[in-house]
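Because the structure is a prediction, the values reported are computed rather than measured. Naming: A, B, ... by sequence-line order, numbering from 1 per chain.
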2 protein chains.
Amino acid sequence: MAPSKSESAYRLLHEKITEGTFTPGYRLVLGTIAAELGCSVVPVREAIRRLEAEGLVTFERNVGAMVAAADTTLYLHTMQTLAIIEGAATALSAPFIDADQLAAARAINQAMADLLVDFDAVRFTELNNEFHQVLYRNCPNPHILELVHRGWNRLAVMRTSSFTHIPGRARESVAEHARLLDLIETRAPAAQIEQAARAHRTTTLNAYLAAANLPASPI
Amino acid sequence: MAPSKSESAYRLLHEKITEGTFTPGYRLVLGTIAAELGCSVVPVREAIRRLEAEGLVTFERNVGAMVAAADTTLYLHTMQTLAIIEGAATALSAPFIDADQLAAARAINQAMADLLVDFDAVRFTELNNEFHQVLYRNCPNPHILELVHRGWNRLAVMRTSSFTHIPGRARESVAEHARLLDLIETRAPAAQIEQAARAHRTTTLNAYLAAANLPASPI
DNA sequence: GTGTATGAAATCGTATACGATCTAGTGTGA
DNA sequence: TCACACTAGATCGTATACGATTTCATACAC
């Protein structure tokens, strides 16, 4: 069955926002978008409210919607939340990751390592996403997986790459991935895996915090 | 300014669902609700989609909405997610909890202890919510606070009280609260507070898992 | 120049209407 | 009895229309 118009509108806007066509602050005018999509405003309105619920869009009554702003505070809060959620997601997924998946993850990480010589931030970020996708795919708790995706989307809107902003972060990242895979392969205790996965994000978070003269995240 | 009709509809439905007037499986028919509220179906539809985004309602195209089902799996996943989020929320809030708030929390916990003799599950649950409200109020990360509230709402819909289902859980709970407050008062390390707060939920979760002959949560 | 009133344009919020789709009940034939 | 086709009713999905609110530019008073 063809998707409903509201669904189509949602997907289109979601993609344009996360891909960066619509940058933070871009105004989403119901009538304009409706005209572009060849539908009426009602489905567009619904799509925008869904995006609002996901935190990708802010909405003000009688004023309208815009792509969510991308201030530093928001970024740090999102990073901190993701650190917690991704730590848990990795620990919960780990027991279900088989040899094939491990091999796939190692291959992706190797490709990331190869990219370090002639660095390409966009490609590196893509590979990084793929890497974590493999790690989380087996998470038995769908709620947690959903929260991971929400967090990623919010980060995507902000288009702030730690790989370009923090010197040496890309190289560190590859090393941390390798350690994480070792822990998973040896079936290390869940707490240890969670700790390592969380630290993988927290390192970046704390680098930003230090740059802003703020104290490090306590957890 | 008076709330918009869509906002009113949202609040009304949210309350009826979390308070238990509308139980899981209850069908939310657009036309009927619109008639009750004295508005048209458009705002009601919007309210329902918001509730769907929060996981309180399930929606099927061309069929309609109903209050989200409350199966065991869903309950366990929600509990596990909350364990992780609440652990983090407590640890992040702890440094900002002052003497007054500590005293308030202790008073609530004492009231819960008093209730153990002549047990009243409803009142006990209310106090339990108040207790945790005090603990989380200072959380500096609004995203995490939002996730706590979402989790609570999902649990509220299911109306499954560990205090009545698990023998001795209420008494244990009061003791765990006291230990948690001690850790906060002595400014224990964040990791230790997180661990204690998470365990407070995980204990319940694992009791349910054990009852269902399932392995305990790894984290 | 600054602040305020005013009006027009832009945009949203929601009512209404109607076609599309699903569901359930009924009848028919094997 | 069972499977299937069909119909009627219920309900949703979305177009259209219009009033309500906000925004912004302009004009005016001080």
Next item on the list: Would you mind listing every ring pair (Phe, Tyr, Trp, His ring centres under 6.0 Å) that reaches into residues 18-66 of chain B, with sequence neighbours excluded?
Entry: B:F22-B:Y26
Margin query: In this structure, how many angstroms lie between the P atom of C:dA20 and the NZ atom of A:K5, rounded?
Written below: 11 Å
Next item on the list: Using a strict 4.0 Å threshold on nitrogen-to-oxygen distance, state whether A:R201 and A:E176 make a salt bridge.
Entry: no
Next item on the list: Would you mind checking if A:E126 and A:R123 are paired as a salt bridge, meaning a charged N to carboxylate O distance below 4.0 Å?
Entry: yes
Check: Given that A:G31 and B:G38 both sit by DNA chain C, which one's nearest nucleotide is further toward the 5' end?
Finding: A:G31
Next item on the list: Would you mind checking if A:R50 and B:E54 are paired as a salt bridge, meaning a charged N to carboxylate O distance below 4.0 Å?
Entry: no
Item checked: Contact residues, residues 48-56 of chain A to DNA chain D [heavy atom, < 4.0 Å] -> none
Note to self: Enumerate the ring pair (Phe, Tyr, Trp, His ring centres under 6.0 Å) contacts for residues 67-100 of chain A, please, sequence neighbours excluded, ordered by first and then second residue.
What the structure shows: A:Y75-A:Y208
Next item on the list: Report the residue (B:V41 or A:E60) whose heavy-atom-nearest nucleotide on DNA chain D is the more 5′ of the two.
Entry: B:V41
Checklist line | Salt bridge flag under 4.0 Å for residues B:E194 and B:R198 | finding: yes
Notebook entry, point to check: Whole Å only: how far is the CZ atom of B:F59 from the P atom of D:dC12?
Noted result: 7 Å
Notebook entry, point to check: Quick one: B:E46 CD to C:dT14 C1', roughly how many Å, whole number?
Noted result: 10 Å
Note to self: List the residues meeting salt bridge (charged side-chain N to carboxylate O under 4.0 Å, His left out) with A:R154, not counting sequence neighbours, and say none if there are none.
What the structure shows: none
Next item on the list: Apply side-chain hydrogen bond (donor to acceptor under 3.5 Å, both in side chains) to A:R150 and list each qualifying residue two or more places apart in sequence or on a separate chain.
Entry: none
Notebook entry, point to check: Please give, in whole Å, the distance from D:dT23 C1' to A:R61 CZ?
Noted result: 16 Å
Under 3.5 Å, which N/O atoms of the protein pair with N/O atoms of nucleotides 9-11 of chain D?
none

